[in-house]
S.K.: 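Please find one structure pasted underneath; my questions will follow.
A quick note: this is a predicted structure, and the numbers were derived from the prediction, not measured. Both counts, for ligands and for their atoms, begin at 1 and track the order of listing.
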Amino acid sequence: MTSQQEPKFENRNSKIASSFEFRISIFVFRSLVTCHSSLVTISNVATDRKTPAVRGSIIVISAPSGAGKSTLIKRLMAASPGLGFSVSYTTRAPRATEKDGRDYFFVSRKVFERMARRGEFVEWADVYGHLYGTAHKQLQAAQKAGQDILLDIDVKGHQQVRQRLPEAVSVFILPPSFPELSRRLRDRHSDAPEEIERRLETAREEIAHWVEYDYLVVNDHLKDATQALRAIVRAARFRRPSQAGRVEKIIGTFGG
Ligand code: ADP
Ligand code: 5GP
């Protein structure tokens, strides 16, 4: 190979290279444009996720202990895909069947009180001598995702939620009678006799709060009570405040 040929070769090579580079540049440019438009789409989706068309409902359920609230909530959750459950924090010790992070976040009194001081709870209360609270972050995540979320909290917690989140929907569950409540608590075999007595005494005070709730469900027959709860959750999705985002979009299409 001569010294003259080399530049030619280089020249040809550089032409090939430059045309190759050009094509690569076009390809990269096109990819960037495609990528950018995908990113725009993704960011729009992300924005939409932040402001969902239909805002998730907050549904509070309260009942005196033993009325069947946990049983009903389990059935309701199983029958309502997409319905979230707000896992509370508590200082109570876990029961044999309970799992940390699923039933409650079990924390020490020190941790709970620190969270309360920092304002991390939407509401919290002392129930039967233990502290229970709903963390803001549980509700915020659900609302951002447009997901309905269920809060299983006591009457004091409900009063705080009502004040801070007036759009929440609330349901009070009543047992068919006091003797039946007593029977259910005893037959459940989950609490000591003195604890059962304490819960029954508290029940007498708690039932006076039924008037503060939007809906009342008597848990006589499990099937009927579950159906009533399902109807309430469904109806909550159609409440005006839940649909404000969606309506704004529709109204926007009317112009003006
Ligand atoms: P809560 O969560 O309100 O304390 P549970 O869901 O643990 O109450 O129910 C208390 C007991 O009553 C449980 O043993 C449950 O199986 C029973 N129970 C719940 N609902 C009914 C019902 N409609 N009829 C008869 N027993 C019921
Ligand atoms: P348990 O110890 O039987 O699971 O619950 C006792 C009571 O505490 C129930 O009435 C339940 O609704 C209530 N509770 C559970 N979590 C919370 C919470 O986050 N806040 C309040 N205020 N009450 C709660």
Side-chain angles (χ1 to χ4, degrees), residues 58-78 84-107 111-112 115-116 120-139 142 149-165 168 170-192 195-196 198-207 209-210 212-213 217-229:
I58 294 172
I59 299 144
V60 174
I61 303 192
S62 305
S65 180
K69 186 176 49 169
S70 311
T71 309
L72 285 170
I73 287 178
K74 237 178 245 158
R75 291 170 70 109
L76 175 66
M77 299 290 299
F85 181 74
S86 163
V87 179
S88 297
Y89 284 76
T90 184
T91 60
R92 158 168 91 58
R95 293 184 184 130
T97 55
E98 289 177 330
K99 225 172 120 182
D100 187 44
R102 184 192 63 189
D103 300 284
Y104 283 105
F105 293 109
F106 296 97
V107 293
V111 167
F112 192 101
M115 288 179 74
E120 292 180 33
F121 293 123
V122 180
E123 64 74 34
W124 68 270
D126 185 322
V127 191
Y128 316 123
H130 303 291
L131 306 181
Y132 295 82
T134 307
H136 278 289
K137 62 177 179 210
Q138 290 271 318
L139 304 193
I149 189 156
L150 210 67
L151 271 64
D152 168 352
I153 62 176
D154 85 319
V155 293
K156 288 171 278 184
H158 168 249
Q159 286 172 340
Q160 297 167 53
V161 170
R162 200 134 197 90
Q163 229 174 29
R164 289 168 200 162
L165 304 165
S170 63
V171 191
F172 194 77
I173 295 168
L174 266 179
S177 67
F178 185 79
E180 173 63 10
L181 180 69
S182 172
R183 190 192 65 76
R184 286 183 191 174
L185 272 177
R186 285 174 220 289
D187 290 356
R188 189 170 64 178
H189 304 293
S190 66
D191 302 288
E195 179 63 28
I196 291 176
R198 185 145 67 126
R199 289 181 182 228
L200 287 172
E201 266 321 299
T202 311
R204 292 185 203 278
E205 295 157 25
E206 285 173 331
I207 55 157
H209 293 274
W210 72 273
E212 296 161 13
Y213 288 73
V217 172
V218 177
N219 179 22
D220 195 350
H221 302 289
L222 264 178
K223 200 174 158 206
D224 295 345
T226 310
Q227 270 175 4
L229 286 180

S.K.: Yes or no: does Ala63 have any heavy atom under 4.0 Å from an atom of ligand 1?
M.R.: no
S.K.: Judging by distance only, is a nitrogen or oxygen of Gly68 under 3.5 angstrom from one on ligand 1?
M.R.: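 Yes, at least one N or O pair falls under 3.5 Å.
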S.K.: Hey, which atoms in ligand 2 end up nearer than 4.0 Å to a heavy atom of Gly157?
M.R.: 22 (N)
S.K.: Is a side-chain donor or acceptor of Thr91 paired with a backbone partner of Leu131 at a separation under 3.5 angstrom?
M.R.: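 Present.
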S.K.: Would the distance check show the side chain of Arg199 and the main-chain N or O of Pro64 forming a donor-acceptor pair, the cut-off being under 3.5 Å?
M.R.: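 No, because the side chain of Arg199 does not come within donor-acceptor range (under 3.5 Å) of the backbone of Pro64.
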S.K.: Hey, which atoms in ligand 2 end up nearer than 4.0 Å to a heavy atom of Lys69?
M.R.: 9 (C), 10 (O), 11 (C), 12 (O)
S.K.: As an exercise, state the distance from OG of Ser65 to CD1 of Ile196, rounded to the nearest 0.5 Å.
M.R.: 9.0 Å
S.K.: Would you compute the distance between atom CG of Asp154 and atom OH of Tyr128 and round it to the nearest 0.5 angstrom?
M.R.: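 So the gap between those two atoms works out to 7.5 Å.
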S.K.: Touching ligand 2 at all, Gly133? Heavy atoms, strictly under 4.0 Å?
M.R.: yes
S.K.: Is any NZ, NE, NH1 or NH2 atom of the basic residue among Glu201 and Arg198 found under 4.0 Å from an Asp or Glu carboxylate oxygen of the other?
M.R.: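 No salt bridge links Glu201 with Arg198.
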S.K.: Can Lys156 be said to touch ligand 2, with heavy atoms closer than 4.0 Å?
M.R.: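 So Lys156 does not count as touching ligand 2.
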S.K.: Give, for atom CG of Leu200 and atom CD of Glu206, the distance between the pair rounded to the nearest 0.5 Å.
M.R.: 10.5 Å
S.K.: With respect to atom 20 (N) of ligand 2, which of Glu123, Arg199, Arg95 exhibits the smallest heavy-atom separation?
M.R.: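 The option holding the nearest heavy atom is Glu123.
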S.K.: Mark the output for Tyr89 as yes if a heavy-atom distance to ligand 2 is under 4.0 Å, and as no if none is.
M.R.: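 Distance cut 4.0 Å: Tyr89 fails for ligand 2.
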S.K.: Using a 3.5 Å cut-off on N or O atoms only, is Asn219 in polar contact with ligand 1?
M.R.: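 N/O-N/O distance below 3.5 Å exists for this pair.
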S.K.: Return yes or no for this condition: an N or O of Thr71 is under 3.5 Å from an N or O of ligand 1.
M.R.: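 Between Thr71 and ligand 1 (N or O atoms, distance only) the closest approach is under 3.5 Å.
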S.K.: Measure the distance from atom 17 (C) of ligand 2 to every protein heavy atom, then report the residue, atom name and distance (to 0.1 Å) of the closest one.
M.R.: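 Checking every protein heavy atom, the shortest distance to atom 17 (C) of ligand 2 gives Tyr132 CB, 3.4 Å.
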S.K.: Answer yes or no: does an N/O atom from Gly66 fall short of 3.5 Å to an N/O atom of ligand 1?
M.R.: yes
S.K.: Nearest 0.5 angstrom please: Thr90 OG1 to Glu98 CD, how far?
M.R.: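 Answer rounded to 0.5 Å: 9.0 Å.
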S.K.: Would you call the rings of Phe172 and Tyr213 parallel, tilted or perpendicular, where under 30° means parallel and over 60° means perpendicular?
M.R.: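 The rings of Phe172 and Tyr213 sit tilted, inter-plane angle from 30° to 60°.
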S.K.: Of all the non-hydrogen atoms in the protein, which one sits nearest to atom 13 (C) of ligand 2, and at what distance?
M.R.: Asp154 N, 3.9 Å
S.K.: Any donor-acceptor pair under 3.5 Å linking the side chain of Asn219 with the backbone of Ala225?
M.R.: no
S.K.: With heavy atoms of Thr134 as the reference, note each atom of ligand 2 found under 4.0 Å away.
M.R.: 19 (O)
S.K.: For Ala125, take its heavy atoms, then give the atoms of ligand 2 lying under 4.0 Å from any of them.
M.R.: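 Counting atoms of ligand 2 from 1, those under 4.0 Å from Ala125 are 22 (N).
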S.K.: Look at atom 7 (C) of ligand 2 and find which of Asp191, Val127, Ile61, Thr90 reaches it with the closest heavy atom.
M.R.: Val127
S.K.: For atom 2 (O) of ligand 1, what's the nearest protein heavy-atom neighbour? Residue, atom name and distance, please.
M.R.: Ser70 OG, 2.4 Å
S.K.: If the cut-off is 4.0 Å to any non-hydrogen atom of Ser65, which atoms of ligand 1 fall inside it?
M.R.: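 Going through ligand 1 atom by atom, the ones under 4.0 Å from Ser65 are 4 (O).
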S.K.: Tell me if a side-chain donor or acceptor on Ser62 pairs with a main-chain N or O of Ile153 at a distance below 3.5 Å.
M.R.: yes
S.K.: Side chain of Glu123, backbone of Thr134: donor and acceptor closer than 3.5 Å?
M.R.: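 Yes, Glu123 side chain to Thr134 backbone: donor-acceptor pair under 3.5 Å.
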S.K.: Mark up the atoms of ligand 2 that fall under 4.0 Å of a heavy atom belonging to Asp152, in ascending order.
M.R.: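 Those qualifying, in numeric order: 11 (C), 12 (O), 14 (N), 15 (C), 16 (N), 17 (C), 24 (C).
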S.K.: Would you kindly specify which portion of Arg92 sits under 4.0 Å from ligand 2, judged on non-hydrogen atoms: side chain, backbone, both or neither?
M.R.: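 It is the side chain that touches ligand 2; the backbone stays farther off.
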S.K.: I need the nearest protein heavy-atom contact for atom 5 (O) of ligand 2: residue, atom name and distance, please.
M.R.: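 Among all protein heavy atoms, the one nearest atom 5 (O) of ligand 2 is Tyr104 OH, 3.4 Å.
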S.K.: Which heavy atom of the protein is the closest neighbour of atom 3 (O) of ligand 1, given with residue, atom name and distance?
M.R.: Lys69 N, 2.8 Å
S.K.: I'd like the name of whichever of Ser62, Ser88, Ala135 reaches closest to atom 16 (N) of ligand 2 through any heavy atom.
M.R.: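 Of the listed residues, Ser88 has the closest heavy atom.
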S.K.: Hydrogens and angles aside, do Ser170 and His158 bring a side-chain donor and acceptor to less than 3.5 Å of each other?
M.R.: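 His158 and Ser170 do have a side-chain donor-acceptor pair below 3.5 Å.
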S.K.: Check Phe121, Tyr89, Tyr132 against Phe112 for a ring pair (Phe, Tyr, Trp, His ring centres under 6.0 Å) and give me the one that passes.
M.R.: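 Among Phe121, Tyr89, Tyr132, the one meeting ring pair (Phe, Tyr, Trp, His ring centres under 6.0 Å) with Phe112 is Phe121.
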S.K.: Can you see whether Arg75 engages Thr71 through a side-chain donor-acceptor pair at a distance of less than 3.5 angstrom?
M.R.: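 Side-chain D/A pair, Arg75 to Thr71: absent.
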S.K.: Measure the spacing between CG of Leu229 and CE of Met77 and express it to the nearest 0.5 Å.
M.R.: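 Leu229 atom CG to Met77 atom CE measures 12.0 Å (nearest 0.5 Å).
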S.K.: Of the choices Arg183, Arg184, His221, which has the non-hydrogen atom that lies closest to atom 22 (C) of ligand 1?
M.R.: Arg184
S.K.: Could you find the nearest protein heavy atom to atom 7 (O) of ligand 1 and give me its residue, atom name and distance?
M.R.: Arg188 NH1, 2.8 Å
S.K.: For ligand 1, which atoms have a heavy atom of Asp220 less than 4.0 angstrom away?
M.R.: 22 (C), 23 (N), 24 (N)
